Amino acid sequence: GYYQIDAGVVYAANAAGIRSLNVLINGATSIGAQSTNSSGAVFGVSLVVSGHYYLSAGQYIEAFVYQNTGAALNVGGATNTYLGLTWIGA
């Protein structure tokens with residue numbers, strides 16, 4: 001059926017590198033992605049992917065995050081990092 005798919009991540013502030021969020025079906029097909037350069041050492045980076053998509057029985061959704069600062073970088077925790085699906089209809 002059709003689903004509303006929402007994913008989001010908030011990265012901690014860091015002056016280097018890029019940040020990205022990619023939503024995949026069955027670990028292979030990208031259905032939405034967002035990427036940006038660092039916003040500087042003071043502000044974190046928030047990325048959101050959202051849309052409607054048709055899923056067949058047995059398909060699954062994954063959200064992948066990536067950063068290349070060269071060091072470990074925290075994400076925003078349970079309230080700011082999420083993947084949600086809402087069934088819309090057949």
Side-chain angles (χ1 to χ4, degrees):
Y2 286 95
Y3 289 83
Q4 170 69 35
I5 301 171
D6 302 295
V9 61
V10 176
Y11 288 93
N14 186 297
I18 65 166
R19 320 287 185 268
S20 68
L21 168 64
N22 192 1
V23 178
L24 303 174
I25 294 179
N26 297 337
T29 304
S30 177
I31 60 170
Q34 189 176 27
S35 181
T36 189
N37 290 321
S38 169
S39 62
V42 177
F43 300 104
V45 171
S46 177
L47 301 174
V48 175
V49 173
S50 182
H52 296 152
Y53 205 84
Y54 185 86
L55 299 174
S56 299
Q59 289 185 310
Y60 63 93
I61 299 295
E62 295 177 299
F64 287 89
V65 296
Y66 171 79
Q67 60 88 13
N68 69 351
T69 63
L73 189 61
N74 291 333
V75 294
T79 59
N80 295 319
T81 301
Y82 59 90
L83 172 63
L85 283 79
T86 304
W87 183 67
I88 297 171

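Since this is a predicted model, take the numbers as computed values, not measurements.
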Are [X] and [Y] in one and the same hydrophobic cluster, where Ile, Leu, Val, Met, Phe, Trp and Tyr link if side-chain heavy atoms are under 4.5 Å apart?
{"X": "Val42", "Y": "Leu47", "value": "no"}
{"X": "Leu83", "Y": "Leu21", "value": "yes"}
{"X": "Tyr53", "Y": "Ile88", "value": "no"}
{"X": "Leu24", "Y": "Val49", "value": "no"}
{"X": "Leu73", "Y": "Val75", "value": "yes"}

For Phe43, all residues meeting ring-ring contact (aromatic ring centres under 6.0 Å, His included), sequence neighbours excluded: none

side-chain contact (heavy atoms from CB on, under 4.5 Å) evaluation trace for Tyr82 with Val48: CA-CA 9 Å; Tyr82 59 90; Val48 175; 3.9 Å; yes

Which pairs count as side-chain hydrogen bond (donor to acceptor under 3.5 Å, both in side chains) when at least one residue sits in [range], sequence neighbours excluded?
{"range": "residues 3-16", "value": "Gln4-Asp6, Gln4-Ser50, Gln4-His52, Asp6-Ser50"}
{"range": "residues 27-37", "value": "Asn22-Ser30"}
{"range": "residues 67-76", "value": "Gln67-Thr69"}

Check: residues 57-66 side-chain donor-acceptor pairs under 3.5 Å, at least two apart:
residue : atom : partner : partner atom : Å
Gln59   : OE1  : Ser56   : N            : 2.6
Tyr60   : OH   : Asn26   : O            : 3.3
Glu62   : OE1  : Gly27   : N            : 3.4

Arg19 vs Val9 side-chain heavy atoms within contact, under 4.5 Å: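 Side chain of Arg19 against side chain of Val9, heavy atoms only: no contact under 4.5 Å found.
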
Closest approach of Val23 to Ala7 (non-hydrogen atoms, all atoms of both residues): CG2-CB, 3.7 Å

Spatial distance of atom CG (Leu55) from atom CD1 (Ile5) [nearest 0.5 Å]: 5.0 Å

